[in-house]
Every structure is written in C-alpha cells, then in structure tokens.
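See structure below.
Residue numbers start from 1 in every chain, and the chains themselves are labelled A, B, ... in the order their sequence lines are given, proteins ahead of strands.
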Number of protein chains: 2
Amino acid sequence: MRVRIGRRAAAVSKTLSPIETLCAERGLHLGKKRRILIRLLEEMDDHPCADEVYARAIAVDSRIGIATVYRTLALFEEEGILVRRDFGDKRARYEVARKPPHHHMIDVENGRIIEFEDDQIHALLERIAARGGYRLIGTRLELFVAPADSRAAPGTSPSDAPKPFD
Amino acid sequence: MRVRIGRRAAAVSKTLSPIETLCAERGLHLGKKRRILIRLLEEMDDHPCADEVYARAIAVDSRIGIATVYRTLALFEEEGILVRRDFGDKRARYEVARKPPHHHMIDVENGRIIEFEDDQIHALLERIAARGGYRLIGTRLELFVAPADSRAAPGTSPSDAPKPFD
DNA sequence: ATACGTGCAAATTGTTTGCGTATGG
DNA sequence: CCATACGCAAACAATTTGCACGTAT
C-alpha cells in the first residue's frame, strides 16, 4: 500500500485564503456568499460597519442579503477572526483581528481614524489588571483627539460623537 | 440706599443639590420630574442604562415617561454633568462626571465593574496623542479581565460581551 | 444525506421625535 | 407670559430571527 502524505486533518490543500483556511479548520462551510464576504474583509483597510460591508458585497453579487452580512460578521467575531469596534457612532465596526493588539485615535474634527500600537501601554494595563488580582483578557482603548491647534480645552468627554467616519 | 450682597448672578440660594446648582447656573428649568431624576443620579453608585434609571424613577413617581429619562440623560451628557459609557452590551450607561478621569475593568466572568484611576496612563496617552500632532480630547479605556485563576489565555477580544452588568 | 448557508420579510431592541399640554422663572 | 419640561404614541435605526429553500462536505 502507498503512503499518503498530509493524511492528518491539517492538509487543506487547494488555494484557500487566510480566513478561508481558518474557516476550514473550524469546519465552517464555504458558501459562495461567504467567500465573497471573506474576500472583501481581507481586502479592506478601514473599519466598515455592517451596512458598508453590505454595500461592497452587493457590488460583487447583488443577491447577497443584509442578514447574511450580519450573521457572517457575528460568526467571525465569535471565531476571533474579526474584532468589533465602537467609535462613538451607533453602528458596530469591524476589522480583521491582528496579533499585536492595536488601538485607535479618532480625530473628532473630521472623523479620521488613526491606528497606533504601543508596548508600554500594554505592559502598564497588564500591571493594573494584575494589581487588582485579575488577568487581562482584552482591552478597548480609544483616544478622541483634535489637531494640536484649535479651541476647546482637553476634557473627559469621549462621547462628543464625531460625525464622519472612515 | 442699602447695599445688597450677592447681587451678582452667582447668588442661587435655597438648598440646591450639586447638579441642581449646575442646572440653575445654565438656566435649565427644574421641573418636578427632572428633580427626581437628579436625585436618583446623585444617589447612584453604579452605571445604569436608561431603562434602569427609568425603573428607579417610576418607583418614585409612576408618571415619569421613558422619553423624559432619555431626554434628561442626553441633556446632562451634553452639559457635561453625566458621562456616557459603553461596556459592551448594547445600552448606553451613565455615571456622574467626576474630575479626575477614571476607567473601568469589566470582570467577564460575572460582569462586575471595577473603577480605577492611574496617572501614568494619562501621561502616556497624552504623549501618544502629542506624538501624532494631536491634542487629547477624551479617552475611552476599558479592560476586560478575569480572575487571575481560570482557563482561556489572554486574547484581544474585548467584545466577548459579558452578560451581567451592575 | 444532512448539516450548514442564505434570502426575505417580519420581529426586536434601544433610542428619538412630533405634538399638545403643563409648569417654572 | 413665554420658554422649557413632559407624557404619549408613533417613528426610527441597527440588528436579529423564523421559515423555506439551496448547497458544501
């Protein structure tokens, strides 16, 4: 008898994209619509809300339903494939999960979102959690900022809800 | 003629509570229902959502409408009297604004909320904003934590949405 | 074959608004 | 008096769900 290589489950050949691979590993079916959504998600470099993902999706296949978008986003969030963000407007915004956690600065003047990463912060936050006898599971950190030049002194109101978003 | 003291606007006598005073200073009327809400807000030591404030309110005067609660919370938030928080469940939660900004740890095992304050963090965040040519307007910082003993390794998913809330 | 994926429309949920009346300053 | 506060019900917006039918594995 011949020896087959890659016999173990791991061997998911074909050409699966990163997220498709994750889906395969978790036994999730790869329906046509889901594939389209996955491609969109992998291509995006911003933080779209469900409506926006939906808009981009119907541009590819007009028969995709908004429910599928919501269901897929929720599923991928549970699976840790996507991260849900909340930038102050009502809608939930998403981005692909990346290993080193990063945070966001929201320019309240124009709604622009700037991503940033900082080890010091994480070390500090971990220490704070530990200090209280806790283990840090997740962090949500958003800075609401304005160009260093303009009225209004610094305050503590994150909920000044900027209008435009990326 | 006699000299009257406290002639200037400042002289709001009677016995006004802190928030009532702020309202008076800003020319806001103090309706009966609003007074009740103010008292509740000043007594609370947790982070209730509109529904919960409403529940407590009708316990005092059953004729208060939910719309009044929403309108009052929104008004006080705009006035900087209240701060709106978002702990992962849908509803907006509120607490009385305090000077030194503080943040929250959400125990994902039982939903308990622990407040904390830390100067280092603020200094660091301010530096990060400045580094990008920005001025820090507001911060939103929440730590999702779990008792230092229990499965599940630390991750980056803040949106694991714990069920219970204070 | 069978469980999973998906569309459509209806249902929920949290929050906002229009309007007529009541009331504080 | 006159602006503001308020109740009620209808309006809204984001998201969820039930059901019937396709499709991947």
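Note: F87(B) and H47(B) meet the aromatic proximity criterion, with ring centroids under 6.0 Å apart. The aromatic ring centroids of F116(B) and H102(B) lie 6.0 Å or more from each other.
Closest approach of V96(A) and M44(A) over heavy atoms only: N-CE, 4.1 Å.
Between the CZ atom of R34(A) and the P atom of dG22(D) there is a distance of 19 Å, given to the nearest Å. If you take CG of L16(A) and P of dA24(D), they are 14 Å apart, rounded to a whole angstrom. In this structure, the CG atom of L75(B) is 10 Å from the P atom of dC6(D), given to the nearest Å. Rounded to an integer number of Å, the gap from R35(B) CZ to dT4(D) P is 18 Å.
Within the model, atoms OG of S17(A) and CD1 of I38(A) stand 5.5 Å from one another, a figure rounded to the nearest 0.5 Å. With rounding to the nearest 0.5 angstrom, the CG atom of L141(A) is 10.0 Å from the NE2 atom of H104(A).
Residue-level contact check: A74(B) touches neither bases nor backbone, having no heavy atom under 4.0 Å from any strand. I66(B) comes within 4.0 angstrom of no nucleic acid atom, judged by non-hydrogen atoms across all strands. Looking at heavy-atom distances under 4.0 Å, L30(B) makes contact with sugar-phosphate atoms alone, never a base.
Listed by chain and number, the residues in a side chain to side chain contact (heavy atoms under 4.5 Å, CB included) with P147(B) are Y134(A), D107(B), E109(B), D149(B) (sequence neighbours excluded). With sequence neighbours left out, R71(B) forms a side chain to side chain contact (heavy atoms under 4.5 Å, CB included) with A67(B). Y70(A) is linked by a side-chain hydrogen bond (donor to acceptor under 3.5 Å, both in side chains) to nothing, counting only residues two or more places apart in sequence or in another chain.
Map L37(B) and K90(B) each onto its nearest nucleotide of DNA chain D; the residue landing nearer the 5' end is L37(B). Toward the 5' end of DNA chain C, the nearer of the two residues C49(B) and L28(A), judged by each one's closest nucleotide, is L28(A).
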Can you give me the N/O atom pairs linking the protein to nucleotides 18-21 of chain D at distances under 3.5 Å, or say none if there are none?
residue : atom : partner : partner atom : Å
dG18(D) : O6   : R71(A)  : NH1          : 3.3

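Panel note: side chain R85(B), backbone E95(B); no donor-acceptor pair is recorded below 3.5 Å. Although no hydrogens or angles enter the test, the distance criterion places no donor-acceptor pair under 3.5 Å between the side chain of E142(A) and the main chain of H103(A).
On the nucleic acid side, DNA chain C contacts chain B at distances under 4.0 Å to non-hydrogen atoms, with the end points of that region at dG14(C) to dG25(C).
Taken over five-pair windows at either terminus, the axes of the helix from dT12(C)-dA14(D) to dG25(C)-dC1(D) are inclined to one another by 30° (rounded to 10 degrees).
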